[in-house]
Amino acid sequence: MGTRFDPSALLETLKTRAPLVHCLTNRVTVTPMANALLAIGAAPVMTDHPDDAEQMSASADALLINLGTPTQESLEAMTRSVRVAAADHRPWVLDPVGVGATRFRRTAAHTLLEYQPTAVRGNASEIMALADEAITGRGVDTQHTVEDATEAANALLSYTKGVAISGQQDHLLTELGHWQITGGSAWQPRVTGTGCVLGALMAAYGAVSDEPFEALAAAHLHAAIAAELAEARAEGPASFASAWLDALARDDLALTERAIERVHALGV
């Protein structure tokens, strides 16, 4: 990129604007997602009745769609909400949880994808399944590496401005290039909802940045560095989850030396 990305400035903007982020998400992660958005300075709303969700999306600054526990009613709410977001050019993130596991999820995810999300996030298997690769998933687990999913992610850029592939190293792809972000904690896969929370952070940062790479990178850096800080205090998954929430709330998080070094490593 031609200009240097400053995650600290973007975090300050987010806290100043306090964007309203409408999350249509799964029943398992409603609470950790709402708490994480509050911690970073955003304002969460989680309504999922089709009539209410559609109207709420018209006033929200950003929208997250997470397919973790879909029902017919929630899918109607999602479809109506993304239709509003797309028509109003509001940023929205698609997290196609377990898209490769069942035909029902694949159909739902591909229907939503037609409304062209601002960003898509998922593990390697989910990204490959969303791009119509011939694979099936085991629940929400990944059976592929991030490198396996790079070609599929590039294909998805015809539907979205940015793709984030989660793994031991996270990969971010936009029309401007391909970046890798390292870090995080080994405790993250052992606490439910950490990936879902990342999708919510992407939506929040997307509400305050017009540059897809900046929103994706800021969200991933924020989550990863907070996880590293939390790991230093954690004795197990429960204490990690609590410490991660505390670390997400730190005002100085994006100013830490490790964040700046990581941005330099991406070559931006």
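The figures here come from the full heavy-atom set of this structure, side chains too, leaving out hydrogens, waters and symmetry mates. The shown structure was predicted, so the numbers you read here are calculated from the model rather than taken from an experiment.
Minimum heavy-atom separation, Leu63 to Ala85: CD2-CB, 4.0 Å. Nearest heavy-atom pair, Ser185 versus Ala227, reported as atom, atom and distance to 0.1 Å: CB-O, 3.7 Å. Between Gly193 and Thr29, the closest heavy-atom pair is CA-CG2, 3.4 Å. Pairing each heavy atom of Ile181 with each of His220, the nearest pair is CD1-CB, 3.7 Å. In plain terms, the two heavy atoms of Leu38 and Pro44 that are nearest each other are CD2-CD, 3.5 Å. Residue Ala218 comes nearest to Leu10 through the heavy atom pair CB-CD2, 3.7 Å, listed as atom of the first residue, atom of the second, then distance.
Atoms CG and CG, from Leu201 and Leu248 in turn, are 6.0 Å apart once rounded to the nearest 0.5 Å. Annotation: the span from Trp187 atom CH2 to Trp244 atom CH2 amounts to 15.0 Å, rounded to 0.5 Å. In this structure, the separation between CZ on Arg27 and CE on Met46 is 13.5 Å, given to the nearest 0.5 Å. From Arg83, atom CZ reaches atom CE of Met78 across 14.0 Å, with rounding to the nearest 0.5 Å. Taking CG of Leu67 as the start and CD of Glu126 as the end, the distance is 9.5 Å to the nearest 0.5 Å. Atoms OG1 and CD1, on Thr25 and Ile65 in that order, are 9.0 Å from each other to the nearest 0.5 Å.
Put simply, Val93 and Leu20 are part of two different groups of oily side chains (I, L, V, M, F, W, Y) that touch within less than 4.5 Å, one to the next. Under the 4.5 Å side-chain heavy-atom criterion for ILVMFWY residues, a single connected hydrophobic cluster contains both Met33 and Val30. Hydrophobic clustering (side-chain heavy atoms under 4.5 Å, transitive across Ile, Leu, Val, Met, Phe, Trp, Tyr) groups Val197 together with Phe240. Hydrophobic cluster membership is shared by Leu156 and Leu112, with clusters built from Ile, Leu, Val, Met, Phe, Trp and Tyr side chains linked at under 4.5 angstrom. No chain of hydrophobic side-chain contacts below 4.5 Å, direct or via other Ile, Leu, Val, Met, Phe, Trp or Tyr residues, connects Leu245 to Leu37.
When atom types are taken as modelled, the side chain of Arg106 and the backbone of Ala101 share no donor-acceptor pair closer than 3.5 angstrom. Judged by distance alone, the side chain of Thr182 and the main-chain N or O of Gln169 form no donor-acceptor pair under 3.5 Å. Looking at Lys15, its side chain does come within 3.5 Å of a backbone N or O of Ile40 through a donor-acceptor pair. Looking only at distances, a side-chain donor or acceptor of Glu228 sits under 3.5 Å from a matching main-chain atom of Gly184. Looking at His22, its side chain does come within 3.5 Å of a backbone N or O of Thr47 through a donor-acceptor pair. Side-chain atoms of Ser239 come within 3.5 Å of backbone N or O of Gly236 as a donor-acceptor pair. Judged purely by atom type and a 3.5 angstrom limit, Asp48 has no side-chain atom pairing as donor or acceptor with the backbone of Leu24. Proximity of a side-chain donor or acceptor of Thr160 to a complementary backbone N or O of Leu157 within less than 3.5 Å is not detected.
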Please lay out, stage by stage, how Glu76 and Arg80 fare under the test side chain to side chain contact (heavy atoms under 4.5 Å, CB included).
CA-CA 6 Å; Glu76 181 184 352; Arg80 289 165 65 171; 2.9 Å; yes
Hey, mind stepping through Ile165 and Asn123 against side chain to side chain contact (heavy atoms under 4.5 Å, CB included) and telling me if it holds?
CA-CA 5 Å; Ile165 316 171; Asn123 63 40; 6.0 Å; no
Applying salt bridge (Lys or Arg N to Asp or Glu O under 4.0 Å) to Arg17 and Asp61, what does each step give before you reach the verdict?
CA-CA 10 Å; Arg17 294 187 186 177; Asp61 297 299; over 6 Å; no
Between Thr174 and Lys161, does the side chain to side chain contact (heavy atoms under 4.5 Å, CB included) criterion hold? Intermediate values first, please.
CA-CA 6 Å; Thr174 75; Lys161 296 178 180 178; over 6 Å; no
Can you list the steps and then say if Leu216 with Trp179 is a side chain to side chain contact (heavy atoms under 4.5 Å, CB included)?
CA-CA 10 Å; Leu216 268 61; Trp179 295 268; over 6 Å; no
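Between Ser166 and Arg121, some side-chain heavy-atom pair lies under the 4.5 Å cut-off. Annotation: side chain of Asp246 is in contact with side chain of Arg233 (closest heavy-atom distance under 4.5 Å).
A side-chain N or O of Thr71 and one of Ser74 form a donor-acceptor pair less than 3.5 Å apart. Ser209 and Glu214 form a side-chain donor-acceptor contact under 3.5 Å, judged by distance and modelled atom types alone. For the residue pair Ser8 / Asp6, a side-chain donor-acceptor distance below 3.5 Å is found, with atom types taken as modelled. Arg90 and Ser57 form no side-chain donor-acceptor contact under 3.5 Å, judged by distance and modelled atom types alone.
Looking at Asn66, Val97, Thr192 one by one, the single match for side-chain contact (heavy atoms from CB on, under 4.5 Å) with Val28 turns out to be Thr192.
Within 6.0 Å of CD on Gln55 lie no more than 12 heavy atoms contributed by other residues, nucleotides or ligands.
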